[in-house]
Asker: 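Below you'll find the structure I mean.
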Amino acid sequence: MREFLIRYFSRILAVLGCTTLVTACYGVPYEVYVPVKGKVIDAETARPVGGVQVKINVGNGVRGTTGVQASVPLGVPISTHTDRNGYFSATVEAYDNPDAVMLEVLDVDGEDNGCYMPGAMVTEYVEGDIVVMKMEQVD
């Protein structure tokens, strides 16, 4: 019986020691809450575009060999809409501090304020700055 208890408890201690080792090696994951503010405007007239769906994510920017900027996502994308003055704001949950913000816009209100083409952009993220996204009107 004594040998059984020693084997039983030594296995439990071994398992507990392994989980402690994994946590010590890799650390505990954490989340960063990233505020993103922006405005959507008409590309030609610079008037605000309201009623537009905006999909927001943050990441680490990567500049490719062709000069096109892309981004490796760090967070969970969030979707919001612009108000009648074209402004939007949201807080994105990320897994690290970002240096880029990714936006995708889609005109979902029909012809209420004109018809706009979907668009996407990646730009540098600076906390507190307002990101400006230009949308082109469909002719």
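From a predicted model like this one, the values you see are computed outputs, not experimental measurements.
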Asker: As a quick check of understanding, evaluate side chain to side chain contact (heavy atoms under 4.5 Å, CB included) for Leu103 and Val54, giving each step before the final call.
Answerer: CA-CA 7 Å; Leu103 299 177; Val54 183; 4.0 Å; yes

Asker: So which heavy atom on Ser89 is nearest to which on Thr80, and how close?
Answerer: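 Closest approach of Ser89 to Thr80: O-OG1, 4.1 Å.
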
Asker: At what distance, to the nearest 0.5 angstrom, does CE of Met135 lie from SG of Cys115?
Answerer: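 With rounding to 0.5 Å, CE (Met135) is 10.0 Å from SG (Cys115).
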
Asker: So among Asp109, Asp42, Val40, which one has a side chain to side chain contact (heavy atoms under 4.5 Å, CB included) with Tyr116?
Answerer: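 Between Tyr116 and the candidates, side chain to side chain contact (heavy atoms under 4.5 Å, CB included) is satisfied uniquely by Asp42.
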
Asker: Could you state the interatomic distance from CE (Met102) to CE (Met121), rounded to the nearest 0.5 Å?
Answerer: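 Here the interatomic distance stands at 12.0 Å.
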
Asker: Which pair of non-hydrogen atoms, one from Asp107 and one from Gly51, has the smallest distance, and what is that distance?
Answerer: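 Closest approach of Asp107 to Gly51: OD1-O, 4.2 Å.
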
Asker: With a 4.5 Å heavy-atom cut-off, do Thr82 and Val49 have their side chains touching?
Answerer: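 Result no, sub-4.5 Å side-chain heavy-atom pair not found.
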
Asker: Could you tell me which non-hydrogen atom of Tyr33 sits nearest to which non-hydrogen atom of Glu93, and how far apart they are?
Answerer: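 Shortest heavy-atom contact: CE2-CG, 3.2 Å.
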
Asker: What is the distance from atom CG of Asn60 to atom CG of Asp96, rounded to the nearest 0.5 Å?
Answerer: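 Reported value, rounded in 0.5 Å steps: 6.5 Å.
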
Asker: Can a donor-acceptor pair be found, under 3.5 Å and without considering hydrogens, that links the side chain of Asp83 to the backbone of Tyr87?
Answerer: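 Answer holds: yes.
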
Asker: Tell me, do Pro48 and Arg84 make a side-chain contact under 4.5 Å, heavy atoms counted?
Answerer: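 Heavy-atom side-chain distance check fails, nothing below 4.5 Å.
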
Asker: Would you be so kind as to tabulate the donor-acceptor pairs closer than 3.5 Å made by side chains of residues 125-133, with sequence neighbours excluded?
Answerer:
residue : atom : partner : partner atom : Å
Tyr125  : OH   : Pro35   : O            : 2.9

Asker: When you look at Val92 and Val76, which way does the side chain to side chain contact (heavy atoms under 4.5 Å, CB included) test go after all the steps?
Answerer: CA-CA 7 Å; Val92 180; Val76 179; 5.7 Å; no

Asker: Residues two or more places apart in sequence or in another chain: which of them pass side chain to side chain contact (heavy atoms under 4.5 Å, CB included) with Val108?
Answerer: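 Counting only residues at least two positions away or on another chain, Val108 forms a side chain to side chain contact (heavy atoms under 4.5 Å, CB included) with Gln53, His81, Leu106.
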
Asker: Step through the shown structure and confirm whether more than 12 heavy atoms of other residues, nucleotides or ligands are within 6.0 Å of NZ on Lys39.
Answerer: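 Counting other residues, nucleotides and ligands, NZ of Lys39 exceeds 12 neighbours.
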
Asker: Give, for atom CZ of Arg47 and atom CG of Asn85, the distance between the pair rounded to the nearest 0.5 Å.
Answerer: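 The distance works out to 13.5 Å.
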
Asker: Considering all heavy atoms of both residues, which atom of Pro73 and which atom of Asn57 are nearest to each other, and what is their separation?
Answerer: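 Of all heavy-atom pairs spanning Pro73 and Asn57, the closest is CB-ND2, 3.7 Å.
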
Asker: State plainly whether one hydrophobic cluster holds both Phe88 and Ile78, where clusters connect Ile, Leu, Val, Met, Phe, Trp and Tyr through side-chain heavy atoms under 4.5 angstrom apart.
Answerer: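 As far as the 4.5 Å side-chain criterion goes, Ile78 and Phe88 are connected within one cluster.
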
Asker: Looking at side-chain heavy atoms only, is the closest gap between Val101 and Val122 below 4.5 Å?
Answerer: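 No; the side chains remain at least 4.5 Å from each other.
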
Asker: Would you please name every residue forming a side chain to side chain contact (heavy atoms under 4.5 Å, CB included) with Glu104, sequence neighbours left out?
Answerer: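 Glu104: side chain to side chain contact (heavy atoms under 4.5 Å, CB included) contacts with Lys55, Ala120.
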
